[in-house]
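Values in this document were obtained by computation on a predicted structure and should not be read as measured data.
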Amino acid sequence: WMRRLEDEDFLTLLQVSRVGRITAEQHARMFGWEPMKSRAAMDRLARLGLLQKVREEEWALRAVRMGMVHRALLQKGLLN
């Protein structure tokens, strides 16, 4: 599954793991993107089963994927 992700996807997963929940607007500010691009990125990660929508415009890591995401972030050198 990791091969299908871009570097921005890993950075998004890192940010979501740090803050718990994130909106498209918050994500857009963090990454310097338009909110629509952030929303599309979060929806894509949700379709891959890594994020889940917890409210209309708010995403969080799927609880069953937290360990897998954590290991991937370690492998990418984004966590120590």
Separation between [atom1] of [X] and [atom2] of [Y], rounded to the nearest 0.5 Å:
| X | Y | atom1 | atom2 | answer |
| --- | --- | --- | --- | --- |
| Arg71 | Leu74 | CZ | CG | 9.0 Å |
| Met2 | Leu73 | CE | CG | 8.5 Å |
| Leu5 | Leu48 | CG | CG | 6.5 Å |
| Arg21 | Leu51 | CZ | CG | 12.5 Å |
| Asp9 | Leu14 | CG | CG | 12.5 Å |
| Glu58 | Gln52 | CD | CD | 11.0 Å |

Closest heavy-atom pair and its distance - Ala24, Trp59: N-CZ3, 3.6 Å

Heavy-atom closest contact (Gly49 atom, Arg62 atom, distance): O-CD, 3.0 Å

Do other residues, nucleotides or ligands put more than 12 heavy atoms under 6.0 Å from Glu57 CD? yes

Ignoring hydrogens and geometry beyond distance, is a side-chain donor-acceptor pair present between Ser17 and His70 at under 3.5 Å? no

Plane angle bin for Trp33 and Phe31 - parallel if under 30°, tilted between 30 and 60°, otherwise perpendicular: tilted

I'd like to know whether His27 forms a side chain to side chain contact (heavy atoms under 4.5 Å, CB included) with Val16, so could you lay out the CA-CA distance, the side-chain angles of the two residues, the decisive distance to 0.1 Å, and finally the verdict. CA-CA 9 Å; His27 182 271; Val16 175; 5.9 Å; no

Joint cluster assignment, Val69 & Val54, ILVMFWY side-chain distance < 4.5 Å: no

Do the side chains of Met30 and Ile22 get nearer than 4.5 Å, heavy atoms only? yes

How about Met68 and Leu50: do any of their side-chain heavy atoms sit closer than 4.5 Å? yes

